[in-house]
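Atom set for the values below is all heavy atoms of this structure, side chains included, hydrogens, waters and symmetry mates excluded. When a ligand or atom number is given, it counts from 1 through the structure's own listing order.
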Amino acid sequence: MNRKIVIAVDGPAGSGKSSISRVVAAKKDLKYIDSGAVYRAITWHVLDSYGSVDGDAAHHNDLGNIGITQEFSPDGQVKTFIGNRDVSMLIRDEKIAANIGTIADSREIRNFVNTLLRGWADKDSVIMDGRDVGTVIFPTADLKIYLDASADIRALRRIKEYRELGKNVDENSVKKQIIQRDSEDTSRKFGALIKAEDAIYLDTTTLTKDEVIDRIIELITIKI
Ligand code: CDP
């Protein structure tokens with residue numbers, strides 16, 4: 001690919017966006033940007049600094065100073081930092097997922113994150129995953145994918161992910177959390193999860209990870 005391109009991958013929690021985007025990035029020489037990790041990092045910072053995401057703490061105005069960055073490697077891996085601290089593992093905690101809704105609802109925080117993400121995509125061809133990449137962050141993306149799967153399958157995938165990270169999780173609480181996050185993500189006033197009109201809908205409930213990756217690579221070849 002010679003010209004700079006943007007691929008937007010949106011969808012609900014556990015639909016496979018990040019693991020799939022990583023592999024597509026590595027195979028197609030794109031930079032992978034994990035927008036959810038930015039919301040997770042802000043949530044981690046607010047909890048760490050204020051102990052809670054409620055009230056004014058969620059709307060504090062030092063976001064520009066906390067120094068959120070991502071480090072991308074050509075194999076598709078991404079690390080998220082706050083200042084010099086690598087928070088990539090810390091932000092995967094269940095406590096972050098349970099508190100992220102309040103942070104992601106804030107219009108000021110969303111505006112801050114969108115500007116930051118557009119800056120990261122300024123120079124390179126990118127694949128970015130999230131909830132509002134194809135609708136708000138890059139409405140003119142070259143290719144938009146909307147990944148979906150049943151809530152049960154998404155909960156099972158998330159449980160497997162937590163176990164691979166060595167975390168012992170309660171299945172029922174993970175299922176409840178997926179349902180709660182679906183409701184938060186689809187009902188927020190700004191940047192709600194919604195399929196862009198021109199996004200290609202992929203239901204991955206019965207597909208393997210490799211099948212989804214192949215399909216996206218095929219779409220890149222056909223469309224770009
Ligand atoms: O990996 P998972 O699908 O669980 O979520 P994520 O991509 O890490 O994003 C975590 C949360 O951040 C989502 O549930 C959204 O509430 C929020 N988010 C958002 O509001 N907008 C984005 N572009 C990406 C994430």
(request) Return the set of residues passing ring pair (Phe, Tyr, Trp, His ring centres under 6.0 Å) with Phe138 (not counting sequence neighbours), or none when no residue passes. (result) none

(request) Apply salt bridge (Lys or Arg N to Asp or Glu O under 4.0 Å) to Asp198 and list each qualifying residue two or more places apart in sequence or on a separate chain. (result) Lys144

(request) Mind jotting down which residue pairs meet the side-chain hydrogen bond (donor to acceptor under 3.5 Å, both in side chains) criterion with at least one end in residues 10-20? Sequence neighbours excluded, please. (result) none

(request) Start with the C-alpha gap between Thr80 and Thr69, add the side-chain angles, then the distance that decides, and say whether side chain to side chain contact (heavy atoms under 4.5 Å, CB included) holds. (result) CA-CA 6 Å; Thr80 304; Thr69 50; over 6 Å; no

(request) Inspect the contact between Asp132 and Arg110 and indicate whether a charged nitrogen and a carboxylate oxygen are less than 4.0 angstrom apart. (result) yes

(request) Compile the protein residues with any heavy atom at a distance under 4.0 Å from an atom of ligand 1; present them by chain, then by number. (result) Ala13, Gly14, Lys17, Ser35, Gly36, Tyr39, Arg40, Arg92, Ile100, Ala104, Arg110, Gly130, Arg131, Asp132, Arg158, Arg181, Asp185, Arg188

(message) Pairing donors with acceptors under 3.5 angstrom, does anything connect the side chains of Tyr162 and Asn168?
(response)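 Short answer, no.
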
